[in-house]
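Okay, so here's the structure we're looking at.
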Amino acid sequence: GAPVAQMMNVGSFAEQVLVHHSQIAVMPKDVDFAVASLLGCGVITGVGAAINTTSISPGESVVVIGTGGVGLNCIQGAALSGANPLIAVDVNDAKLEAAKAFGATHGINSASADVAAEVRALTSGRMAQHVLVSVGVGPAIEQGIGLMGKGGETVIVGMPPSGVTTTFDPSWIAADSQRIVGSKMGSAQVPVDIPQLVGLYRGGRLKLDELVTKRYPLEEINEAVAAVKRGEALRNVVGERARQAGSLVTPDYLRFDYPFDRALTPDEVRRIEDEVRRIVREDRPVSIAHMSMPEAVAGGADAFFDEKYGE
């Protein structure tokens with residue numbers, strides 16, 4: 001084997017993980033596991049970028065670059081805010097059609113059309129008031145900056161690799177009072193935003209079931225990922241054996257309360273590890289994952305352990 005690095009301190013494929021309580025949202029039992037799995041990344045990132053990071057007023061023009069899982073949710077968030085026109089940009093015609101089903105009013109294939117000219121025509125020459133770039137590559141970000149109108153804003157939603165750089169003329173940014181901002185995980189607060197998204201879904205205002213193209217067992221994860229890379233899927237869901245067997249598995253939680261004004265002592269850490277081993281009945285090393293709140297955990301935050309799903 002080879003070492004596997006974490007992204008943003010998230011142990012996505014871990015069977016057991018300790019999570020700070022600020023990153024936990026209670027899911028209603030009637031919400032399907034596939035839907036719940038989408039909320040934690042693509043949906044909260046895309047919808048949150050359109051609703052939390054930026055402020056779109058009804059009738060304002062919006063361009064979304066990239067119509068993958070995150071981009072489609074940027075479109076949903078912008079549609080919920082009343083954007084018009086709401087323009088999707090991609091190189092895949094099938095995904096542009098999907099974007100219209102999720103709320104886009106227009107689609108532009110950047111491989112065959114002059115995107116800037118099309119956006120200018122659709123906005124009566126004013127260009128876009130908001131541009132959301134869901135593709136984490138330099139050229140897409142530069143394209144987004146070039147589509148802003150006066151007083152416009154470009155939101156960088158897709159996470160580019162470390163070291164990627166872009167170029168733009170700062171004199172135009174200043175002269176036209178434009179803004180370039182970043183958005184990480186939709187600028188969201190999990191305990192607040194997740195229930196709100198669930199409410200929108202239950203009310204028929206947020207499409208989630210339609211995002212799932214296919215469900216795969218864990219043994220077929222490579223094909224699930226390959227299908228997304230080939231542009232054949234919006235979102236694939238991997239590993240649902242518990243749900244497909246007809247039972248909704250409710251995780252149990254262990255809670256340890258400690259003051260926030262000091263770090264955990266070695267004895268307290270050992271207590272957590274011993275209790276976790278007792279629950280999983282496996283005598284193997286247990287790691288305490290700090291997840292996305294390292295300061296709080298190091299400072300003595302509540303520790304939660306999500307017991308792994310049974311067969």
Side-chain angles (χ1 to χ4, degrees), residues 1-20 23-24 33-34 36-46 66 68-71 92 133-141 156-166 182 184-185 190 211-244 249 251 264 266 269-270 272-277 279-298 303-311:
V4 177
Q6 291 175 315
M7 179 180 178
M8 297 171 63
N9 294 322
V10 176
S12 299
F13 292 98
E15 292 182 347
Q16 297 96 28
V17 66
L18 292 168
V19 184
H20 186 257
Q23 303 304 299
I24 292 175
F33 275 8
S37 70
L38 299 175
L39 288 170
C41 184
V43 176
I44 199 171
T45 297
V70 173
N92 186 311
V133 185
S134 72
V135 185
V137 295
I141 295 170
I156 302 173
V157 186
M159 297 292 286
S162 179
V164 168
T165 60
T166 60
K184 180 180 178 182
M185 290 296 292
V190 169
L211 285 169
V212 181
T213 301
K214 189 174 179 181
R215 305 168 192 243
Y216 291 82
L218 183 60
E219 294 76 14
E220 297 178 19
I221 185 173
N222 290 338
E223 173 54 29
V225 174
V228 173
K229 288 184 176 181
R230 292 194 298 266
E232 299 172 358
L234 302 180
R235 272 293 183 263
N236 287 328
V237 176
V238 177
E240 291 189 279
R241 283 182 291 181
R243 189 200 63 81
Q244 291 172 343
V249 181
L264 293 175
V269 172
R270 279 193 293 271
I272 294 174
E273 292 175 342
D274 289 344
E275 190 68 9
V276 169
R277 290 193 185 98
I279 291 296
V280 300
R281 300 179 181 86
E282 295 178 5
D283 186 17
R284 64 180 183 180
V286 176
S287 62
I288 299 178
H290 289 178
M291 302 299 288
S292 59
M293 294 289 289
E295 311 85 13
V297 173
F304 285 76
F305 172 71
D306 186 353
E307 184 176 357
K308 77 173 181 179
Y309 297 134
E311 294 293 336

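Predicted, not measured: the structure shown is a model, and the values here were computed from it.
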Partner residues of Glu232 under the side chain to side chain contact (heavy atoms under 4.5 Å, CB included) criterion, sequence neighbours left out
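Only Ala227, Arg230 meet the side chain to side chain contact (heavy atoms under 4.5 Å, CB included) criterion with Glu232.
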
Minimum heavy-atom distance between [X] and [Y], given as atom pair plus value:
X	Y	result
Leu211	Leu234	O-CB, 3.4 Å
Ala233	Val228	CB-CG2, 4.2 Å
Ser134	Gly71	OG-CA, 3.5 Å
Gly231	Asn92	O-ND2, 3.7 Å
Pro160	Ile141	CG-CD1, 4.5 Å
Val212	Ala34	CG2-CB, 4.2 Å

Is the shortest heavy-atom distance from the side chain of [X] to the side chain of [Y] under 4.5 Å?
X	Y	value
Val70	Arg235	yes
Leu39	Ile44	no
Val164	Val137	no

For Gly42, is there any backbone N or O sitting under 3.5 Å from a side-chain donor or acceptor partner on Thr45?
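Not confirmed, Thr45 side chain does not pair with Gly42 backbone.
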
